[in-house]
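Scroll down for the structure; my scribbles are underneath it.
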Amino acid sequence: MTVAAPSRSPIVGPHYKWVVLSNTTIGVLLSSMAGTGLMLALPKIFDGIKLNPLAAGSSSYLLWMMMGYVLVSAVVVVTVGRIGDIFGRVKMYNLGFAWFTVSAILLSCVWSTGSNGALELVLLRMFQAIGGALLMANSAAIITDAFPSDQLGFALGINMVAAIIGSFLGILVGGLLSLLGWRWVFLANVPIGAFGTIWAYLKLKDIGVRVPARIDWAGNLAFAGGLGMVLVGMTYGIEPYGTSLSGWGNPFVISMITSGLFLLAVFAVIETRVKDPMFRLSLFRIRPFAFGNLASFLGSIGRGGLMFMLMLWFQGIWLPQHGYSFADTPLWAGIYMIPFTLGFVIAGPISGKLSDRYGARWFATGGMLLAAATYALMMTFPENFNYIPFGAVMLFSGIGGGLFASPNTSSIMNSVPARDRGAASGMRVTFAQTGMPLSMGLFFTLLVSGLNAKVPAAMLKGLVANGVPASSAAALSHVPPLGYVFAAFLGYNPLKTLLPSSVLSHLSAAQAAHLTSRAFFPQLIGPAFVDSLSIILAFAVVMSLIAAVASAFRGGKFVHVDEESKAQRHIARGGRHHGPAASGVAPAAGSVAPVAGSAAPAASGAGVARRTAVPAEPHPVHGK
């Protein structure tokens, strides 16, 4: 399949880059809000469809409602980025806005109840994730097309701040909208999505290099199938299997992970043999690209599941002991974790701006080192900590994330050829998003193992001391920890949820009130939780330190410059040229591309062209 070259390049003014930044910022904000918008709304959603997510056989719906969006987005984002390289990044980005908006409408129209309603919501969330992937994969590439390399870090810093703010706003807005009715959680996206879609179609122009190529169906299927199977296996590894507390011994989990890894190996072989690969593996020969993505992946493993653990710390232990009802803890956990977001907002644009001048290496590396230091400090806090010093540690942890994210992304995107920016951006997002479910699977396993080692004996003793029959107490003490962990996360009173009404009715009012109080459950699991969290934090420290080493190996400031990128930059500055390369459509690699000479005046659109061979592989010619 090939792409016909337009007759001439689109005309953009000197302020076009700010149009790009503002629109893509809205797109990223919307997509990131969707990723977290269900966290506080899940209880209302499950109530609305009349399904108990903690009942036997229903926990998988809870997992998929939480993780399905991220999993699908991680699987397809490289593919849609590559399609953007072929058919136009702005076209794919615009399609993503429209896709996302239509999906939001469909989600609000789910009328089924029970397991059917949950299944429909899960599938439609996955469908919506494709639109989110189209936005995420192509937004960084479009920004890179529009901004000069010495302003790219600042632009991406603004974009990433929007993503972090969106993740936070998604939690709060989703929870508040759910009070009006769970359908509003999805309907609220519609006017923003419609505005962004219309604006994007009217104002954004395809000025990037486009590569006539065939779609690599075999590579796409192998990558999507392999990564999807691995992530599905990791997700089900969290759930108990038989008498085991986790599912890592489940034959289904083992077969999914091993089959997925095999398909990913097949993908690597395919990409070295097809003429037009989905992703050019040779890009990993570029140090900033390879080590930047490695650092991002390792940092995501250390950070992704940890944020969820900290939310559980607030919701299940700290907030109830400070006067908050379990029902209110999800909302207040988001509020008390604002320092993370604030730190990122402070550091993101500043580090991006400074990295434009001095390079990404030391900002990104320093960010990972600061994150590691803050994780180590968190290990020193007791379960019922003083919030002010803990909030300060969270602030510096967010600053570490901001120092890393924007310079790292700028370094990755500046290092690749103009023709590969869509696929490179997709691979960058995949590395970052894949780390989260891997982190969740590992951290949940560590948490559940730690809780199960100490909580059953303490629970048995506490229940019997408060009048619960020994047989009932023994049965409740061996409930898989995932049950009461998810109960706390959803804002349910864990023991009130777990204790049968027949047991509670036979207790005195004082005994029942004590067991279901805001103090009993937090004090019961607090010591075991903190011990498990210390192991998790130690692992996060190690991952962050290795990520810092990888970041340092990226080298100094580096910008990939070739004839295609020169022509594309000229168009971005308001120039206009005829011919395939100047119009944004590049000939096949290794052919001869006419590009604009440096003497071409931007105002008139006329220019002197010279003919230069375009290298078949990434060939960086400028660095410092």
dist L135:CG -> I26:CD1 (nearest 0.5 Å) comes out at 11.5 Å

Could you label the plane-to-plane angle of the W332 and Y336 rings as parallel, tilted or perpendicular, counting under 30° as parallel and over 60° as perpendicular?
-> tilted

Notebook entry, point to check: Would a distance-only check, ignoring hydrogens and angles, find a side-chain to backbone donor-acceptor pair under 3.5 Å from W313 to E383?
Noted result: yes

So, T365 versus S551: side-chain donor-acceptor pair below 3.5 Å or not? yes

To the nearest 0.5 Å, atom CG of N466 lies from atom CG of L515 at 4.5 Å

* Look at atom CZ of F396 and say whether more than 12 heavy atoms of other residues, nucleotides or ligands are closer to it than 6.0 Å. => no

query = Within the distance-only criterion (no hydrogens, no angle test), does the side chain of N493 pair as donor or acceptor with the backbone N or O of T516 below 3.5 angstrom?
reply = yes

All heavy atoms of S439 vs all of I301, minimum pair found to be OG-O, 2.7 Å

Tell me, yes or no, whether the heavy-atom count around W184 atom CH2, taken from other residues, nucleotides or ligands under 6.0 Å, exceeds 12.
no

- Task: Verify, without hydrogens or angle tests, whether S406 (side chain) and S351 (backbone) share a donor-acceptor contact under 3.5 angstrom.
- Result: no

Value for CG (L504) from CG (L499), rounded to nearest 0.5 Å, stands at 5.0 Å

With a 4.5 Å cut-off on side-chain heavy atoms, are V28 and M136 touching?
yes

Exercise for the section: Report yes or no: is the cationic atom of R125 (NZ for Lys, CZ for Arg) closer than 6.0 Å to the six-membered ring centre of W64, at no more than 45° off its axis? Expected result: no

Next on the checklist: Quick one, L124 and F186 - any side-chain contact, counting heavy atoms below 4.5 Å?
Outcome noted: no

Correct closest heavy-atom pair for L490 and L42 would be CD2-CB, 3.7 Å

- Please report the C-alpha distance between L451 and V485 in whole Å, then the side-chain angles of each, then the deciding distance to 0.1 Å, and finally whether the side-chain contact (heavy atoms from CB on, under 4.5 Å) criterion is met. CA-CA 10 Å; L451 292 177; V485 165; 3.9 Å; yes

Output for pair (F404 CZ, L369 CG), nearest 0.5 Å, gives 11.0 Å

_Show, in sequence, the C-alpha distance, side-chain angles and deciding distance for F46 and L62, and conclude whether the side-chain contact (heavy atoms from CB on, under 4.5 Å) test is met._
CA-CA 9 Å; F46 281 113; L62 174 60; 3.9 Å; yes

Minimal heavy-atom distance between N408 and A360, with the atoms involved, is N-CB, 4.5 Å

- Donor-acceptor pair, S477 side chain versus L460 backbone, under 3.5 Å? no

Nearest heavy-atom contact between L63 and T235 is CD1-O, 3.9 Å

Regarding Y484 and Y492, is there a side-chain donor-to-acceptor distance under 3.5 Å anywhere? no

**Prompt:** Is a side-chain donor or acceptor of T445 paired with a backbone partner of G441 at a separation under 3.5 angstrom?
**Reply:** yes

Determine whether Y236 and M256 satisfy the following criterion, side-chain contact (heavy atoms from CB on, under 4.5 Å), listing intermediate values before the conclusion.
CA-CA 10 Å; Y236 277 101; M256 289 294 284; over 6 Å; no

One should read off an interatomic distance between M309 CE and L446 CG, to the nearest 0.5 angstrom, of 9.0 Å

* Asked: Going by heavy atoms in the side chains, are M436 and F308 under 4.5 Å from each other?
  -> no

Return a table of donor-acceptor pairs under 3.5 angstrom between the side chains of residues 519-545 and protein atoms on other chains or two or more places apart.
| unit_1 | atom_1 | unit_2 | atom_2 | d |
| --- | --- | --- | --- | --- |
| D531 | OD2 | K454 | NZ | 2.5 |
| S532 | OG | A528 | O | 3.1 |
| S534 | OG | V530 | O | 3.0 |
| S544 | OG | A540 | O | 2.9 |

Donor-acceptor contact below 3.5 Å, side chain R183 vs main chain S108: yes

*Does the side chain of N293 pick up a donor-acceptor pair with the side chain of S296 at under 3.5 Å?*
no

Checklist entry - For the side chain of T329 and the backbone of L319, is there at least one donor-acceptor N/O pair under 3.5 Å apart? => result no

Note: L51 and A118 closest approach over all heavy atoms is CD2-CB, 3.7 Å

- prompt: Are H322 and N384 side-chain neighbours, meaning at least one heavy-atom pair lies under 4.5 Å?
  reply: yes

When every non-hydrogen atom of V253 is compared with those of G237, the smallest separation belongs to CG2-N, 3.9 Å

State, yes or no, whether a side-chain contact exists between W182 and L121 at a heavy-atom distance under 4.5 Å. yes

Q) Is S397 reaching over with its side chain to a backbone N or O of V393, donor-acceptor style, under 3.5 angstrom? A) no

Across all chains, not counting sequence neighbours, the side-chain hydrogen bond (donor to acceptor under 3.5 Å, both in side chains) partners of N52 are none

### Message
For the backbone of A488 and the side chain of Q315, can you confirm whether one donor and one acceptor N or O come within less than 3.5 Å of each other?
### Response
yes

Do N250 and I254 have side-chain heavy atoms sitting under 4.5 Å apart?
-> no

*Working for side-chain hydrogen bond (donor to acceptor under 3.5 Å, both in side chains), residues S300 and Q433*: CA-CA 7 Å; S300 179; Q433 291 192 340; over 6 Å; no

- Message: Donor-acceptor pair, distance only, cut-off 3.5 Å: does the side chain of E120 make one with the backbone of V110?
- Response: no

One should read off an interatomic distance between L395 CG and T374 OG1, to the nearest 0.5 angstrom, of 10.5 Å

Here the side-chain hydrogen bond (donor to acceptor under 3.5 Å, both in side chains) pairs for residues 497-514, sequence neighbours left out, are S508-Q511

(request) Hey, can you tell me if F385 and F390 have their rings parallel, tilted or perpendicular (30° and 60° cut-offs)? (result) parallel

I'd like to check M337 versus F314 (side-chain heavy atoms, cut-off strictly below 4.5 Å). Are they in contact? yes

*Looking at side-chain heavy atoms only, is the closest gap between P349 and V161 below 4.5 Å?*
yes

Between L342 and I346, does the side-chain contact (heavy atoms from CB on, under 4.5 Å) criterion hold? Intermediate values first, please. CA-CA 6 Å; L342 182 61; I346 292 171; 4.0 Å; yes

Is the gap between the ring centers of Y241 and F252 under 6.0 Å?
no

